[in-house]
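Convention: sequence-line order gives letters A, B, ...; per-chain numbering from 1.
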Amino acid sequence: MHLRITTWNINSVRLRPAALAKVVRQLEPDVLCLQETKVADEAFPRSMVEDLGFEHLHIHGQKAYHGVAILSRRPLEGCHTHRWCAIDDSRHAVCTLQGGIELHNVYVPAGGDEPDIEKNPKFRHKLAMLDEMSDWFAASRDDTRRIVLVGDLNIAPLENDVWSHKQLLKVVSHTPVEVAKLERLRQSHGFVDAVRAIVPPEEKLYTWWSYRARDWRAADRGRRLDHVWLSPALAPALRDATVMREARGFDLPSDHVPVTVDLDV
DNA sequence: ATGGTAGGTATCCTA
């Protein structure tokens with residue numbers, strides 16, 4: 001069975017019906033994982049996403065901030081959420097797809113501006129959530145589990161995941177301490193970075209461009225913050241991975257673009 | 001070194 005999964009930080013699901021429709025029409029994902037929906041569950045535009053063909057929904061939002069959602073054309077089972085760092089942020093939703101494929105949709109904190117846990121509680125929170133998730137995946141490791149972990153992890157781990165490795169070493173999202181925590185999370189369950197298994201690490205690749213650039217396309221100062229990881233049991237199912245760069249040029253764009261994987265499961 | 005834009009909300013937070 002073919003399975004196409006797309007992850008996208010939409011930066012407000014209510015503000016971008018046109019961009020969402022375009023993404024769905026062009027990519028035709030079976031499952032679409034959204035982050036930063038920025039809406040309480042009772043105000044989520046359910047009928048809009050149902051009209052786009054997503055009959056099965058797992059919505060985990062809150063007012064104004066964060067929020068994740070799993071939209072699916074295929075049945076979802078065992079939907080639940082995770083709460084990390086004893087904080088009631090809506091950052092992690094889980095569902096199981098047909099065939100026992102466990103899908104985790106994650107939104108890691110951006111972490112503020114200062115990469116110092118003493119001065120910046122948001123950076124401390126970012127690192128703490130990565131540690132807690134790593135411990136949880138390590139403790140429940142089972143290499144027969146078929147897991148897809150997607151989301152805005154807010155870290156660009158490789159040199160070519162940022163426009164300038166050297167200039168971003170002290171910038172939150174690419175500091176060595178964050179990269180080490182992300183790597184620990186990846187290794188906690190033997191996850192494979194699906195996008196870099198398809199696009200060679202020697203190639204620059206970004207999924208986010210700041211709104212603050214005068215001309216994002218000309219400057220091209222992007223970062224690869226959005227990821228798709230596969231557990232060892234699922235890694236051989238990977239067929240393709242793509243980044244929808246053109247979505248950054250849509251009218252009223254999100255600052256992130258969709259990332260898609262094709263699996264033969 | 002600095003400030004730049006965007007979204008949601010309520011007069012400022014987060015990204």
| request: Quick one, give me the B/S/- string for nucleotides 5-15 of chain B, reading 5' to 3', where B means a protein heavy atom under 4.0 Å from the base and S means that only happens at the primed atoms, P, OP1 or OP2. | output: BSSSS---BSB

Would you list the atom pairs, donor with acceptor, under 3.5 Å between side chains in residues 37-48 of chain A and any protein atom, with sequence neighbours excluded?
from	atom 1	to	atom 2	distance (Å)
A:T37	OG1	A:G67	O	3.4
A:K38	NZ	A:N11	OD1	2.8
A:D41	OD1	A:G61	N	2.7

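Counting only residues at least two apart or on different chains, the ring pair (Phe, Tyr, Trp, His ring centres under 6.0 Å) pairs with a member in residues 147-186 of chain A are A:H165-A:H174. Residue pairs satisfying the ring pair (Phe, Tyr, Trp, His ring centres under 6.0 Å) criterion with at least one member in residues 14-39 of chain A, sequence neighbours excluded, are absent.
For the P atoms, the distance linking B:dG8 with B:dT2 amounts to 31 Å, nearest Å. A gap of 25 Å separates the C1' atoms of B:dC12 and B:dA1, to the nearest Å. Nucleotides B:dG7 and B:dT11, compared at atom C1', are 15 Å apart to the nearest Å. With P as the reference atom, B:dT5 and B:dA10 are 24 Å apart, rounded to whole Å. Nucleotides B:dG3 and B:dT9 have their P atoms positioned 28 Å apart, rounded to a whole Å.
Applying the side-chain contact (heavy atoms from CB on, under 4.5 Å) criterion to A:R124, with sequence neighbours excluded, gives A:I117, A:E118. Partners of A:R146 according to the side-chain hydrogen bond (donor to acceptor under 3.5 Å, both in side chains) rule, which considers only residues two or more places apart in sequence or in another chain, do not exist here.
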| field | Worked verdict on A:D89 versus A:R83 for salt bridge (Lys or Arg N to Asp or Glu O under 4.0 Å) | value | CA-CA 7 Å; A:D89 284 353; A:R83 174 173 177 273; over 6 Å; no

